[in-house]
Amino acid sequence: MADKAIEAPLVALVLGPQGAYAAGPGLDEPWPRDVVGPRFGEVARQRRPRWVVWSASLGLRPLVTQGLAVPRVWDLAEVHRIIHGGWRASPGHIWAACRGLPETGVPAPPRPRLAGFDGDLFDAAGDEDGPLTASGHLRPDALTTWPSTPDRLRQLARMALDCQAYQADSLCRIVPDDPARARRTAWSESAAAVLCLELERDGLPVDRLAAEDLIGVAAGRRPVDQDDADRIRRARDRVVLAHAPGRERTDLRNPVQVRELLASVGVDVPNTRAHVLEPYRQTNPLVDALLAWRKDERIATTYGYRWLDEHVGPDDRLRGAWAACDGAAGRMTAQNGLHNLPAPLRPAICAEAGHVFVRADLGQIEPRVLAVVSADRAFAEATRSDDLYAPVAARLGSDRPTAKVAVLAAMYGQRSGAAGEALAQLERAYPVAMGLLDRAYADGVAGRSVRTFGGRLIRLGPGSAPPAPATPRPAGSSTAGTAGGRFSGASAGDVASPGLPPGTDAGRGRFARNAIIQGSAAELFKAWAATVRSAVAPLEGRIVLCLHDELLVHVPEDRAADAAAAVDTALQSAARLWSGTNAVRFVADTSIIRRWSEAKP
DNA sequence: CCGTGGACGTA
DNA sequence: CGTACGTCCACGGC
């Protein structure tokens, strides 16, 4: 029904060094540098278009940084990732897919300040003035230095519209029983990419003094110089080494030495991981001191004073780079600790004066998503309950803990041993949902690529390529992956590498099964976040953190109740639109708080 | 100098 | 009860 609505006109927007160019139906105009912001606002108001950009980062960053709202977007890079899987989605990759050119031929951008070149120089421009190389690929500088004239920008805008048409056509065929579903995914993933720019712009509010105090508890006072830092560090180490007379020279940061140290006091372990050492904690003061030391060391090194100084700005906002999807299933990623802040530091995440956080997290999102993806009517029935495991337990004739373990084991586990009997009952009670999980597992084992509910490709098999590294480094230096799973290179070894499915059969099976659930959940989450973003904007609310199933909205105190209501309403409409049904219920736990730590667990 | 593995934080 | 990611550290090969 929403699809019957008249769709927004598509307007391509390309930014260049001197200005911008906008092209769409009845619109074809260069924007000189100083009118880009105002003109964007006018066209947005008058035509309410969907802005087609090579990526939100390339096409919209300056506008978002200025504080402009960018409501409807088609991010060619994000949509490319949905259709083709993986993470690499440079303009060159987008163009190659649109024209059916081999991904392997996409020229890499020149690598700054590195000696070695890898032959890209030989794919010279076919026409010195044109945007393409001799082999028909987009030249690597096409979106950076090349578009120095309005005419060149115009060519790139036209090409963007070409690519959009190709992508829209491809998306129609991805989900045969609902051709519009993948297009909706394209819209919300594009919105997520814009949201990432806003998250980078706004940052997460930090109570700096509280943060200093909390860091001090773990890492000691702030050192005045390097010698002082070394002294404090040695003092922290001595607390542990005092339990090991004669071995005070052990380097606690060297796992091999730590293992030898533990052996000397009779603790014989294969490795020194926390869960391995936990059983010895009560009986051995050295182990207890070591594990406590590790917690402090984590904060001292990763979330210490340096972290505070480098990533929390003068406006007391913690900032890092955000990505709308990772290289595997499609969850959002964030840098600089935004996604892995240790719980003891959470009291430092504090709303500004006169503001509060509306915090909301989705309850039991993955089993509910399983109900959608599998279209299991009996399992969907269970989602009507606030606590999905209660009706499942009733149906299995077991208690709740058993039902929960069985469901989790079915979704993530080895499907053997452990919850045996309950698992067998689960299979009988919900054969449709369990069938989907079994098929996903089999696909993974066989190396067949799979898709999430919304249509994102999860690559398995020889064409899988790892994501580009998150740390900034010269583009194009990404690892060698073959194109689109087309031809088989050397198959992956037995050792897993980032973004690549594991080499073992069972490993790939679990990967595929998990990716469908986790990736589909990520889609719902982003659809929710995009809806929340526009719903709280009139309340001066801003999303300041996305954490897989949790949202933190920063909002003026007197709008908090309205914002909280909007967050819940947004979930209902986003879930309805994403799932295409009312049969599966999604629930959020929403609260209004000043500090993140006030959230229940 | 760079890549790799251990360890651990989050979901 | 498995998957994913980001970060720091030490090591070892180059």
Side-chain angles (χ1 to χ4, degrees), chain A residues 87 114-116 218 233 251-259 269-278 290-291 293-304 306-307 310-311 320-323 325-346 361-362 364-367 401 404-419 423 437 440-441 444 458 466-467 469-471 473 477 479 495-502 506-519 521-522 525 545-551 596 601:
Chain A
W87 202 84
L114 278 177
R233 192 169 107 143
D251 180 357
L252 296 174
R253 295 161 190 82
N254 182 330
V256 175
Q257 289 190 32
V258 170
R259 190 164 165 248
V269 283
N271 60 61
T272 71
R273 290 182 172 161
H275 70 268
V276 174
L277 293 180
E278 192 60 41
L290 176 67
L291 290 175
W293 175 89
R294 285 245 178 94
K295 295 256 183 224
D296 290 345
E297 177 77 359
R298 165 72 40 187
I299 290 176
T301 56
T302 306
Y303 305 99
R306 191 183 62 169
W307 168 80
E310 286 182 3
H311 305 306
W322 285 80
C325 72
D326 60 29
R331 297 222 284 201
M332 295 174 78
T333 66
Q335 295 184 307
N336 299 345
L338 283 157
H339 268 183
N340 23 15
L341 204 67
L345 292 184
R346 288 187 176 197
D361 75 288
L362 300 177
Q364 303 169 340
I365 179 176
E366 295 195 342
K404 180 175 177 177
V405 168
V407 169
L408 295 177
M411 284 195 302
Y412 308 136
Q414 302 275 21
R415 305 295 300 277
S416 66
L423 215 46
L437 295 171
Y441 190 90
I458 311 294
T471 46
R473 65 172 192 173
S477 56
T479 52
V495 65
S497 51
L500 264 179
R508 284 197 310 274
R510 288 194 304 269
F511 173 84
R513 194 171 57 194
N514 181 263
I516 290 179
I517 302 301
Q518 188 186 98
F525 176 82
L545 189 71
C546 294
L547 197 44
H548 307 316
D549 67 352
E550 180 175 357
L551 277 177
W596 195 13

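Naming convention: chains lettered A, B, ... in sequence-line order (proteins, then strands); numbering from 1 in each chain.
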> Which residues satisfy the ring pair (Phe, Tyr, Trp, His ring centres under 6.0 Å) test with A:Trp293, sequence neighbours excluded?
Replying inline: none

Kindly say if [X] contacts the phosphate of [N], meaning a side-chain N or O under 4.0 Å from OP1 or OP2.
X	N	result
A:Lys404	C:dC1	no
A:Arg298	B:dG9	no
A:Arg510	C:dG2	no
A:Thr333	C:dA4	no
A:Asn340	B:dA11	no
A:Gln335	C:dT7	yes

Whole Å only: how far is the [atom1] atom of [X] from the [atom2] atom of [N]?
X	N	atom1	atom2	answer
A:Trp293	B:dG9	CH2	P	12 Å
A:Arg306	C:dC9	CZ	C1'	11 Å
A:Leu551	B:dT10	CG	P	19 Å

>> For the residue pair A:Arg294 / A:Thr272, report whether a side-chain donor-acceptor contact shorter than 3.5 Å exists.
In response: yes

>> Categorize A:Ala334 for me: base, sugar-phosphate, or nothing, with a 4.0 angstrom heavy-atom threshold over every strand shown.
In response: sugar-phosphate

> Base, sugar-phosphate, or nothing: which does A:Leu341 touch, judged by heavy atoms less than 4.0 Å apart?
Replying inline: sugar-phosphate

>> Please enumerate all residues that pass salt bridge (Lys or Arg N to Asp or Glu O under 4.0 Å) together with A:Arg253, with sequence neighbours excluded.
In response: A:Asp237, A:Glu297

Minimum-distance nucleotide (side-chain atoms of [X] versus [options]):
X	options	answer
A:Gln518	B:dC8, C:dC8, C:dG2	C:dG2
A:Thr272	B:dA7, C:dT7, B:dC8	B:dA7
A:Lys295	B:dG9, B:dA11, C:dA10	B:dG9
A:Arg294	C:dC1, B:dA7, C:dC5	B:dA7

> What about A:Arg331: does its side chain form a donor-acceptor pair under 3.5 Å with the base of B:dA11?
Replying inline: yes

>> Any heavy-atom pair between the side chains of A:Ile516 and A:Tyr441 that's under 4.5 Å?
In response: no

